[in-house]
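Below you'll find the structure, written out as structure tokens, and then a few comments.
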Protein chains: 2
Amino acid sequence: MSKGEATREAILDTASRLARSVGLGGITIGTLASRAELSKSGLYAHFRSKESLQVSILEHTRARFVAEVVAPALTEPRGEPRVRALFENWLTWDSQPGGCLFVAASSELDDQPGPVRDRLVRYQQDWLDSLAEVFRTGLSEGHFLADADPEQFAFEVDGVMLSRHLSGRLLDDPNAVSRARTAFEALLDRARA
Amino acid sequence: MSKGEATREAILDTASRLARSVGLGGITIGTLASRAELSKSGLYAHFRSKESLQVSILEHTRARFVAEVVAPALTEPRGEPRVRALFENWLTWDSQPGGCLFVAASSELDDQPGPVRDRLVRYQQDWLDSLAEVFRTGLSEGHFLADADPEQFAFEVDGVMLSRHLSGRLLDDPNAVSRARTAFEALLDRARA
DNA sequence: GCGACAATAGCACGATCGGTCGGTCAGTCG
DNA sequence: CGACTGACCGACCGATCGTGCTATTGTCGC
């Protein structure tokens with residue numbers, strides 16, 4: 001990796017951390033530059049505009065998300081263990097400082113059309129699809145009731161995750177994670193029974 | 001209502017609508033002023049600072065929320081009907097242009113300490129408490145299993161609402177509302193069975 | 001150790017930010 | 001009538017925004 005690429009990665013790491021606390025739109029070129037120990041113009045050598053920076057942040061974070069949350073889960077046995085792994089990995093992911101960027105960005109961008117929002121929509125849809133798809137491996141393994149609806153399951157698991165994000169991060173509820181686990185287990189029970 | 005008060009209300013209506021699409025922090029005094037057909041200084045006759053404007057927006061929206069979501073539900077019979085009403089009223093509330101402001105503000109402010117965040121935390125906590133409390137009336141009416149956990153129920157219902165907000169508003173999923181209802185019914189089933 | 005080129009800094013721009021100022025004008029009260 | 005008030009405006013403040021251009025530095029093949 002050349003020096004330029006390394007700097008770019010470092011910038012995106014910092015930017016993604018920053019975005020998690022102030023939002024994608026709350027990022028300022030000046031603050032980010034000083035946070036990354038670079039001049040503003042130094043930043044512009046890597047990103048042509050603020051918007052393309054935001055898209056790059058999403059791409060970068062997405063790559064990490066796949067590597068840390070999705071990919072490891074796929075090494076688990078098909079079916080319920082894999083569903084569990086996906087859920088647990090997400091809990092870990094959301095526990096990083098600032099929580100899950102995609103959650104934060106979702107309500108920020110849901111009314112602001114443009115390439116950034118488009119990218120985010122794609123990633124969120126992919127995520128729900130992944131949840132549904134993994135659930136489907138549980139269907140074909142006979143772990144779950146045959147008439148269970150994978151998309152509905154994804155919808156509900158995502159809700160549990162969102163609730164955990166809110167309760168844990170905004171309300172500082174120390175029980176948020178355990179409440180989320182309880183809710184998740186109830187969902188699994190229902191899919192099985 | 002004096003002329004000043006009327007203007008103030010009109011400003012807050014406009015502001016709350018604006019905040020729902022660009023976020024509380026995304027509001028700009030200039031844009032809000034022109035949107036409200038007022039000069040910036042005319043605005044500052046009503047709000048001493050941007051921060052106090054933001055707090056006022058939350059207060060104003062909260063008053064509407066109580067009047068349109070919580071209060072009507074409390075006229076329903078105690079127990080399950082009241083829980084249902086609360087849920088349905090929220091779905092209607094979140095269907096207004098821009099959706100629920102509190103949801104949007106939650107992930108925006110979860111990492112930004114200050115009076116605005118403090119106010120939002122209080123309102124969110126109140127909301128979860130309302131959900132739990134209404135569920136409790138169902139317990140004392142014998143509608144639900146005696147060992148059901150009202151706070152856990154509130155956590156899970158809130159998750160369903162958040163998921164509906166995301167799927168409906170970001171992903172434009174036309175099935176979001178019906179998925180939410182299905183999930184909600186499942187929660188009720190579990191509390192009963 | 002020199003030339004080439006990538007990487008970064010310096011600096012300045014127009015726009016816009018939140019916020020303040022002096023002042024106008026309709027209405028109220030005595 | 002005159003004194004006063006609340007509501008509002010246009011102009012303007014210093015700061016900061018995103019974004020370019022140009023100069024300087026660092027790195028590496030030869």
Side-chain angles (χ1 to χ4, degrees), chain A residues 1-19 21-60 105 108-109 112-117 119, chain B residues 1-60 105 108-109 112-117 119-120:
Chain A
M1 184 156 63
S2 79
K3 181 163 181 230
E5 289 174 51
T7 307
R8 192 188 138 100
E9 290 299 296
I11 293 174
L12 288 176
D13 275 337
T14 314
S16 136
R17 209 172 313 122
L18 185 56
S21 74
V22 300
L24 268 182
I27 284 192
T28 252
I29 304 286
T31 2
L32 175 58
S34 79
R35 199 77 74 98
E37 294 177 305
L38 229 70
S39 65
K40 287 202 290 174
S41 43
L43 253 181
Y44 263 79
H46 298 275
F47 311 95
R48 281 147 299 163
S49 71
K50 189 182 184 182
E51 194 173 66
S52 91
L53 167 68
Q54 291 170 324
V55 171
S56 299
I57 294 175
L58 283 181
E59 276 174 357
H60 179 78
E108 183 186 348
L109 294 172
Q112 311 199 59
V116 188
R117 187 197 126 113
R119 186 63 62 106
Chain B
M1 184 157 59
S2 79
K3 177 155 184 246
E5 289 175 50
T7 307
R8 193 188 139 101
E9 290 298 296
I11 293 173
L12 288 176
D13 275 337
T14 312
S16 137
R17 210 172 311 121
L18 185 57
R20 267 178 261 138
S21 75
V22 299
L24 268 182
I27 283 193
T28 253
I29 304 286
T31 24
L32 174 57
S34 79
R35 199 76 75 97
E37 294 176 304
L38 230 71
S39 67
K40 287 203 293 173
S41 43
L43 254 180
Y44 265 82
H46 297 275
F47 311 96
R48 281 147 298 162
S49 71
K50 189 183 183 183
E51 194 172 66
S52 92
L53 167 68
Q54 291 170 323
V55 171
S56 298
I57 294 175
L58 283 181
E59 277 174 356
H60 179 78
E108 184 186 346
L109 294 172
Q112 310 198 58
V116 188
R117 187 196 127 114
R119 187 63 65 106
L120 179 63

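A, B, ... follow the sequence lines: proteins, then strands. Residue 1 opens every chain.
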Please determine whether side-chain contact (heavy atoms from CB on, under 4.5 Å) holds for the pair B/Ile29 and B/Lys50, giving the CA-CA distance in whole Å, both sets of side-chain angles, and the decisive distance to 0.1 Å. CA-CA 7 Å; B/Ile29 304 286; B/Lys50 189 183 183 183; 4.1 Å; yes
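If you measure from atom CG of B/Leu53 to atom C1' of C/dG18, you get 11 Å, rounded to the nearest angstrom. If you measure from atom CD1 of A/Ile11 to atom C1' of C/dT8, you get 10 Å, rounded to the nearest angstrom. In this structure, B/His46 atom NE2 and D/dC9 atom P are separated by 9 Å, rounded to whole Å. Here D/dC8 presents its P atom at 13 Å from CZ of B/Arg8, a figure rounded to the nearest Å.
Taking each heavy atom of B/Arg117 and B/Gln112 in turn, the nearest pair found is CB-O, 3.4 Å. Closest non-hydrogen pair, A/Leu43 versus A/Ile11, comes out as CD2-CG2, 3.5 Å. Closest approach of A/Ile27 to A/Ala19, counting heavy atoms only: CD1-CB, 3.7 Å. Taking both residues in full, the closest heavy atoms of A/Lys40 and A/Gly30 are given as CD-CA, 3.8 Å, listed atom of the first, atom of the second, then distance. B/Leu24 approaches B/Ala105 most closely through the heavy-atom pair CD1-CB, 4.2 Å.
If you check every strand for non-hydrogen atoms under 4.0 Å, A/Leu32 touches nothing. Contact annotation for B/Leu38: backbone-only contact, meaning every heavy-atom pair under 4.0 Å involves sugar-phosphate atoms and none involves a base.
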Polar atom pairs (N or O), protein with nucleotides 19-22 of chain C, under 3.5 Å:
{"residue": "C/dG19", "atom": "OP2", "partner": "B/Tyr44", "partner atom": "OH", "Å": "2.3"}
{"residue": "C/dG19", "atom": "OP2", "partner": "B/Lys50", "partner atom": "N", "Å": "2.7"}
{"residue": "C/dG19", "atom": "O5'", "partner": "B/Tyr44", "partner atom": "OH", "Å": "3.1"}
{"residue": "C/dG19", "atom": "O6", "partner": "B/Lys40", "partner atom": "NZ", "Å": "2.5"}

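A/Ser21 and A/Arg17 share no donor-acceptor pair across their side chains, judged by distance under 3.5 Å alone.
Each end of the helix from C/dG1-D/dC30 to C/dG30-D/dC1 gets its own axis from five base pairs, and the two axes differ in direction by 20°, given to 10 degrees.
Taking side-chain N and O atoms only, B/Thr7 has no distance below 4.0 Å to OP1 or OP2 of D/dA7. Of the side-chain N and O atoms in B/Thr28, one or more sit less than 4.0 angstrom from OP1 or OP2 of C/dC17.
Looking at heavy atoms from C-beta onward, B/Asp13 lies in side-chain contact with B/His60 at the 4.5 angstrom threshold.
Taking A/Thr28 as the reference, A/Thr31 meet the side chain to side chain contact (heavy atoms under 4.5 Å, CB included) condition, with sequence neighbours excluded.
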